[in-house]
Amino acid sequence: MPVNPKNKVIVSIYRDGDLYFSVGVVESTGKVVKISLPKTDKTKAIADITNYYPDFELRDEYKDIAKDISRIYKGKKVDFDLGMLELDVDKSNRDLPVKSTFQKDVLLETYNIPYGEVETYKSLAEKLISRAYRAVGTVMAKNPFPLVVPCHRVVKSDLTIGQYGGGRKMKGELLKKEGVHLKGDKIIKKNYRT
DNA sequence: TCGATGGCTTGTA
DNA sequence: CTACAAGCCATCG
């Protein structure tokens with residue numbers, strides 16, 4: 001695949017203990033195009049970005065973003081500016097992380113789920129006047145900005161936790177760190193509101 | 001273009 | 001409680 005120099009990506013890594021948090025930022029625009037869930041191995045953290053953006057350079061300049069992401073992971077409430085994310089949809093540009101308006105709309109709704117709360121795939125779809133529950137799940141699965149776009153706060157209608165890119169275990173732990181009460185892999189009702 | 005595939009949901013047994 | 005089928009709809013090859 002030919003590489004468009006306009007889309008050269010800078011990868012920055014923040015290390016916290018044995019976890020590596022990585023972020024990919026387009027050099028020409030300064031926008032984040034990819035965030036990865038923590039890896040226990042630096043190579044994997046880089047690979048997670050560069051699988052999508054093979055033309056990259058490892059630099060420290062966006063380390064603070066990766067650090068903020070690590071703070072979200074630790075359960076802190078972090079104010080993250082949406083404007084830093086590349087959310088443009090342009091079908092003629094294959095390198096943009098968000099491929100459709102549907103995907104963008106779902107990501108934006110997800111972004112608005114407050115800290116410490118959960119919402120279901122179903123209610124998210126219904127907010128978009130759609131019955132595309134499964135398609136919402138697909139958007140979550142492909143979320144380019146995990147943690148910042150808190151797909152870990154999206155759960156199944158029966159209030160069980162559902163799947164997660166980093167595994168159910170990580171999803172449950174993330175929710176607990178935010179104060180969501182769980183019994184096994186099920187959200188306790190009183191902590192749920194739409 | 002069209003069928004297969006999902007981080008889903010609901011109903012039935 | 002579990003299991004399975006059918007329905008749903010955006011995405012991918």
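Reminder, nothing fancy here: chain letters follow the sequence lines and each chain counts from 1. Every value quoted in this text rests on a predicted model; they were computed, and no experiment measured them.
We find that CG of A:Leu124 is positioned 16 Å from P of C:dC9, with the value rounded to whole Å. Spacing between atom CD of A:Glu109 and atom P of C:dA10 amounts to 16 Å, rounded to whole angstrom units. Rounded to an integer number of Å, the gap from CZ of A:Phe102 to P of C:dA10 is 6 Å. The CG atom of A:Leu159 sits 12 Å away from the P atom of C:dC1 (whole-angstrom rounding). Rounding to whole angstrom units, NZ of residue A:Lys104 and P of C:dT11 are separated by 14 Å. Summarising the geometry, the separation between CG on A:Leu128 and P on C:dA10 is reported as 11 Å, rounded to the nearest angstrom.
Ion pairing between a basic and an acidic side chain is recognised when a charged N comes within 4.0 Å of a carboxylate O; A:Glu27 and A:Arg59 show such pairing. Of the charged side-chain nitrogens involved, none lies within less than 4.0 Å of a carboxylate oxygen, so that A:Glu178 and A:Lys77 do not count as a salt-bridged pair.
Nucleotides of DNA chain B that come within less than 4.0 Å of any heavy atom of chain A span, from the 5' end to the 3' end, B:dG6 to B:dT10.
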Point to revise | Strand DNA chain C in bracket notation, Watson-Crick/G-U under 3.5 Å with | for pairs to another chain | key: .||||||.|||||
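Here A:Ser130 does not reach the OP1 or OP2 of C:dC9: none of its side-chain N or O atoms lies under 4.0 Å away. Put simply, A:Arg131 has a side-chain N or O that comes within less than 4.0 Å of OP1 or OP2 on C:dC9.
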**Study point:** Worked verdict on A:Arg153 versus A:Glu119 for salt bridge (Lys or Arg N to Asp or Glu O under 4.0 Å)
**Key:** CA-CA 6 Å; A:Arg153 298 184 192 137; A:Glu119 187 155 347; over 6 Å; no
Point to revise | CA sep, side-chain torsions, deciding dist, call: A:Arg131, A:Glu126, salt bridge (Lys or Arg N to Asp or Glu O under 4.0 Å) | key: CA-CA 6 Å; A:Arg131 277 175 289 177; A:Glu126 286 174 344; over 6 Å; no
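When atom types are taken as modelled, the side chain of A:Tyr133 and the backbone of A:Ser123 share no donor-acceptor pair closer than 3.5 angstrom. Remark: side-chain polar atoms of A:Asn143 are not paired, donor with acceptor, to backbone N or O of A:Leu107 under 3.5 angstrom.
Here A:Lys34 contributes atom NZ and A:Phe145 contributes atom CZ; the two are 8.5 Å apart, rounded to the nearest 0.5 Å.
Using cut-offs of 30° and 60° on the angle between ring planes, the pair A:Tyr14 and A:Phe21 is tilted.
Using a 4.0 Å heavy-atom criterion, one finds that A:Ala135 contacts the bases of the nucleic acid, with or without backbone contacts as well. A:Lys171 comes within 4.0 angstrom of a base, heavy atoms only. Contact annotation for A:Thr138: base contact, defined as any heavy-atom pair under 4.0 Å involving a base atom.
In terms of the side-chain contact (heavy atoms from CB on, under 4.5 Å) criterion, residue partners of A:Lys99 (sequence neighbours excluded) are, by chain and number, A:Gln103.
In this structure, A:Ala132 and A:Lys142 both approach DNA chain C, and ranking their closest nucleotides by distance from the 5' end singles out A:Ala132.
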